[in-house]
Number of protein chains: 2
Amino acid sequence: MVKKTLKQRIVDASVELFQQDGYHNVTVDRIVEYIGASKGGFYHNFKSKDELLYEIHDVFISYVIQQSQDAYDKYDTPITRLCAMLQTLTQVFDMYQAHITIFYEESRSLSDEYSDIIHKKRDHYRDILQKVIAEGQESKVFRTELPCTIVTMAIVGMINWTYKWFKQSGQLTMEQITDVFTDMVLRAIVTEQAMEEAKQFIIKG
Amino acid sequence: MVKKTLKQRIVDASVELFQQDGYHNVTVDRIVEYIGASKGGFYHNFKSKDELLYEIHDVFISYVIQQSQDAYDKYDTPITRLCAMLQTLTQVFDMYQAHITIFYEESRSLSDEYSDIIHKKRDHYRDILQKVIAEGQESKVFRTELPCTIVTMAIVGMINWTYKWFKQSGQLTMEQITDVFTDMVLRAIVTEQAMEEAKQFIIKG
DNA sequence: AGTAAAATACCGACTAGTCGGTTTGTAAAA
DNA sequence: TTTTACAAACCGACTAGTCGGTATTTTACT
């Protein structure tokens with residue numbers, strides 16, 4: 001593994017550059033110059049700049065979906081599933097902050113063929129989380145007076161937004177932030193009678 | 001008021017087009033063609049395409065700051081202030097969804113001179129909210145075991161993310177969504193002993 | 001009020017530069 | 001010998017911004 005393929009080097013460099021300056025502000029020339037390669041090499045590995053953007057999107061969202069599904073499968077109660085998913089997601093966001101920045105800010109630049117695929121996967125990711133919330137409501141573990149779609153999007157928003165402000169060099173680690181998020185979400189949506197199970201995830205005052 | 005200035009028409013059209021297709025995918029030619037004007041007219045009103053982008057940013061963020069500050073000044077307890085701010089913010093986001101899309105997705109395209117101004121104002125907006133949280137913690141109305149910076153960003157994320165998914169034509173109005181958000185935030189951060197005051201904002205089960 | 005002058009608002013053809021993508025060439029591997 | 005992997009020069013479409021000019025409004029003076 002000492003030798004990285006040119007393709008991988010292109011992807012890695014692009015992720016970094018796109019995050020910094022945005023897809024449209026980074027030229028193919030700049031990417032290849034950045035890694036000391038040539039345009040010929042670039043277009044040998046990618047049909048188009050657009051295909052590169054798609055690959056970056058797909059690597060990220062496919063990983064998120066798989067991790068979310070794993071977290072779901074690993075546990076069997078709504079509360080533990082939700083906590084595991086929050087844990088997993090923030091962890092992914094910690095690792096893939098550059099990818100997610102591109103994912104959420106450059107998806108409009110994808111051409112139609114790729115755009116459809118990515119949007120379907122993005123919806124799939126949300127559906128996994130929403131399923132957990134809905135199942136929790138069915139078993140009266142989560143408050144039914146809150147619409148599950150809104151709860152889902154509130155959680156998604158809270159987590160996703162971290163890509164805008166989280167700094168790995170900051171005061172708090174992503175683990176600490178996750179604990180706070182988990183606490184807030186559980187207190188917000190768990191019913192009184194189910195709060196006992198959630199207690200272990202709540203920060204003591 | 002029957003006659004709109006060309007400048008205003010340019011801004012309005014650009015907001016719409018930028019939201020749909022992104023700043024870089026909308027040419028100056030397309031903007032002026034869209035409103036039946038000319039490039040000369042455009043560059044008579046704006047130094048550059050970049051200045052136009054800045055104006056759109058500034059209109060939005062200045063309004064948000066002013067509304068947030070008003071909400072703060074109008075009330076005098078952390079809970080009422082927080083609720084008023086949530087109310088105000090979601091309302092603004094309902095009206096300015098196009099602006100906020102541009103604000104959060106195209107700010108990287110701002111040149112340095114404008115970028116500094118906008119980032120300062122964005123921080124100012126966050127600080128107003130964070131101040132409310134911090135004051136609530138000082139008076140033991142909000143749980144002190146949660147770091148106020150994280151709580152602030154969790155709330156900001158929850159609200160801001162609405163611009164990605166909220167549809168005015170959707171099932172729920174922004175007012176209904178606000179009620180859910182308010183409920184979740186209050187349950188998440190208000191202390192047991194202060195929950196009595198918050199009760200009025202909580203959705204009954 | 002009437003009018004000339006000046007400033008403002010706007011037009012549209014043109015340009016210089018940029019950037020995604022192509023083509024041709026070549027060295028090593030299979 | 002053919003294929004793979006890359007290099008480097010090149011092309012053509014596109015686009016931000018310019019510039020000389022015209023229409024319209026405002027100002028200034030009689």
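No hydrogens, no waters, no symmetry mates; every other heavy atom, side chains included, goes into these values. Every chain is numbered from 1, with letters handed out A, B, ... down the list of sequences. Note that this is a predicted model, so its numbers are computed, not measured.
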So if I take every side-chain heavy atom of B:K39 and compare against C:dC11, D:dC6, C:dG12, which nucleotide ends up nearest?
C:dG12
Among C:dG20, D:dA7, D:dA16, the one nearest A:V28 by side-chain distance
C:dG20
Which of residues 44-56 of chain A sit near DNA chain D, with a heavy atom under 4.0 Å from it?
A:H44, A:N45
To the nearest angstrom, how far is [X] atom [atom1] from [N] atom [atom2]?
X: A:I10; N: D:dA5; atom1: CD1; atom2: P; result: 12 Å
X: B:I31; N: D:dG17; atom1: CD1; atom2: C1'; result: 13 Å
X: A:I35; N: D:dC6; atom1: CD1; atom2: C1'; result: 11 Å
X: A:H24; N: D:dC14; atom1: NE2; atom2: P; result: 16 Å
X: B:L6; N: D:dT25; atom1: CG; atom2: C1'; result: 15 Å
X: A:K7; N: D:dT4; atom1: NZ; atom2: C1'; result: 14 Å
X: A:Y23; N: C:dG20; atom1: OH; atom2: C1'; result: 9 Å
X: A:F42; N: C:dT22; atom1: CZ; atom2: P; result: 12 Å

Could you tell me whether B:K120 and B:D123 make a salt bridge, using a distance below 4.0 angstrom between a side-chain N and a carboxylate O?
no
Taking only Lys NZ, Arg NE, NH1 and NH2, and the carboxylate oxygens of Asp or Glu, determine whether A:D21 and B:R108 approach each other closer than 4.0 Å.
no
Contacts of A:G40 and A:T27 projected onto DNA chain C by closest heavy atom; the upstream (5') one is A:T27
N/O donor-acceptor pair under 3.5 Å between B:Q137 side chain and B:F142 backbone
no
CD1 of B:I150 to CG of A:D183, rounded to nearest 0.5 Å, is 12.5 Å
Rounded to the nearest 0.5 Å, how far apart are CD1 of B:I35 and CD1 of B:I10?
5.0 Å
Heavy-atom nearest nucleotide on DNA chain D taken for A:G41 and for B:V26; more 5' hit belongs to A:G41
Run the numbers on A:H57 and A:S107 for side-chain hydrogen bond (donor to acceptor under 3.5 Å, both in side chains), then give the verdict.
CA-CA 8 Å; A:H57 273 69; A:S107 61; 4.8 Å; no
Could you tell me if the side chain of B:T162 sits less than 4.5 Å from the side chain of B:T90, heavy atoms only?
no
